[in-house]
Amino acid sequence: MLELRLVQGSLLKKVLEAIKDLVNEANFDCSSTGFSLQAMDSSHVALVALMLRSEGFEHYRCDRTISIGMNLTNMAKMLKCAGNDDIITIKADDGSDTVTFMFESPSQDKISDFEMKLMEIDSEHLGIPDTEYQSSIKMPSQEFLRICKDLSSIGDTVMISVTKDGVKFTTSGDIGTANIVCRQNTSVDEPENATEIKMQEPVSLTFALRYLNSFTKATPLANIVTLSMSADLPIVVEYKIGDMGYVRYYLAPKIEE
Amino acid sequence: ETSQNGLGGFFKRG
């Protein structure tokens, strides 16, 4: 028996919008720790890891560790029917081939339930080592969104270079080239407007903008995004979900031939 | 010219 009640239902709606374009179907793993997911895109170049810790739910019952396979497009369709202020409850009985999403309006005057068919999904789990990254950048998530969107109108890939002077985003295409440099700036009114660069070693890696743009679908979840990079390793793009968990995206770098 | 590797080469399967 699985029963998870999330008072801030809009979080789940935003999570689905953040991952459904990258991954079409995925297994959600439910354990006493929390509700999580790890899935790769169809080309196995990008991976999304979601964690919603059990403490963040108002009610969290998961009698045994289970994995429930869902089509994310269909799940997103159902969650779109929930109001932004609604409380969302996810329910699944043992051995059932369906999951139920229940939406309650804040004043309890409207209660809806949507039942969705589950799927059997063969998924490959990757072991992601805990790594100390050579560079990490914390910046406003809106700023990162803007940079990815702007650069993708010029080129297909972006080189992200971190030095002590700042982080530089470079692209080039048929019409020309573009460089955007962001410097560390922590003297701002609000911490969410700060750009913070931590660098042990300078790093320069190239990535496909198409994927980075897809990751920015998570922008409504967090004001700050963290980019972590080490030479010859996938970048990690992390959006924290309050103090409840995170959505992390991993993207393999492009290699010079 | 750049080429795109998959994640499998970086992270352990299973």
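Chain A is the first sequence line, chain B the second, and so forth, proteins listed ahead of strands; every chain is numbered from 1. Since we're looking at a predicted model, the values are computed, not measured.
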> With rounding to the nearest 0.5 Å, note down the distance linking NZ in A:K198 to CD1 in A:I137.
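Answer rounded to 0.5 Å: 12.0 Å.
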> State, with a plain yes or no, whether a side-chain heavy atom of A:R248 is found less than 4.5 Å away from one of A:V237.
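No - every pair of side-chain heavy atoms lies 4.5 Å or more apart.
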> With side-chain contact (heavy atoms from CB on, under 4.5 Å) as the test, would you mind laying out the steps for A:L11 and A:M244 before giving the verdict?
CA-CA 10 Å; A:L11 281 184; A:M244 185 176 186; 4.0 Å; yes
> Scan for side-chain hydrogen bond (donor to acceptor under 3.5 Å, both in side chains) pairs involving residues 126-136 of chain A, sequence neighbours excluded, and state none if there are none.
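Residue pairs passing side-chain hydrogen bond (donor to acceptor under 3.5 Å, both in side chains), neighbours aside: none found.
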> Applying side-chain contact (heavy atoms from CB on, under 4.5 Å) to A:L205 and A:I235, what does each step give before you reach the verdict?
CA-CA 8 Å; A:L205 293 170; A:I235 188 174; 5.5 Å; no
> Mind checking the CE-CG spacing from A:M229 to A:L227? Nearest 0.5 Å is all I need.
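Rounded to the nearest 0.5 Å, the CE-CG separation comes to 7.5 Å.
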> Do B:F10 and A:Y250 have side chains that get closer than 4.5 Å, going by heavy atoms?
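With C-beta onward as the side chain, the pair stays apart.
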> If you count every heavy atom of other residues, nucleotides or ligands that lies below 6.0 Å from A:D243 atom CG, does the total exceed 12?
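No, the 6.0 Å shell around CG holds no more than 12 heavy atoms from other groups.
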> Sort by residue number and list every residue of residues 20-54 of chain A having at least one heavy atom under 4.5 Å from chain B.
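A:M40, A:H44, A:V45, A:A46, A:L47 fall under the 4.5 Å cut-off.
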> With rounding to the nearest 0.5 angstrom, report the CG to CG distance, A:N74 to A:L16.
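With rounding to 0.5 Å, CG (A:N74) is 10.5 Å from CG (A:L16).
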> So which bits of residues 207-222 of chain A come within less than 4.5 Å of chain B, counting non-hydrogen atoms only?
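Interface residues of residues 207-222 of chain A: A:A208.
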> For the atom pair CG (A:L251) and CG (A:L233), what is the distance rounded to the nearest 0.5 Å?
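A:L251 atom CG to A:L233 atom CG measures 12.5 Å (nearest 0.5 Å).
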> Check whether more than 12 heavy atoms from other residues, nucleotides or ligands sit under 6.0 Å from atom NZ of A:K138, and answer yes or no.
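No, not enclosed.
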> Any non-hydrogen side-chain atom of A:M139 less than 4.5 Å from a side-chain atom of A:I197?
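A side-chain contact under 4.5 Å is absent here.
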> At what distance, to the nearest 0.5 angstrom, does CD of A:E196 lie from OG1 of A:T226?
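If we round to the nearest 0.5 Å, A:E196:CD and A:T226:OG1 are 9.0 Å apart.
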> Can you pull out the residues in residues 143-178 of chain A with any heavy atom less than 4.5 Å from chain B?
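From residues 143-178 of chain A, none sit under 4.5 Å of chain B.
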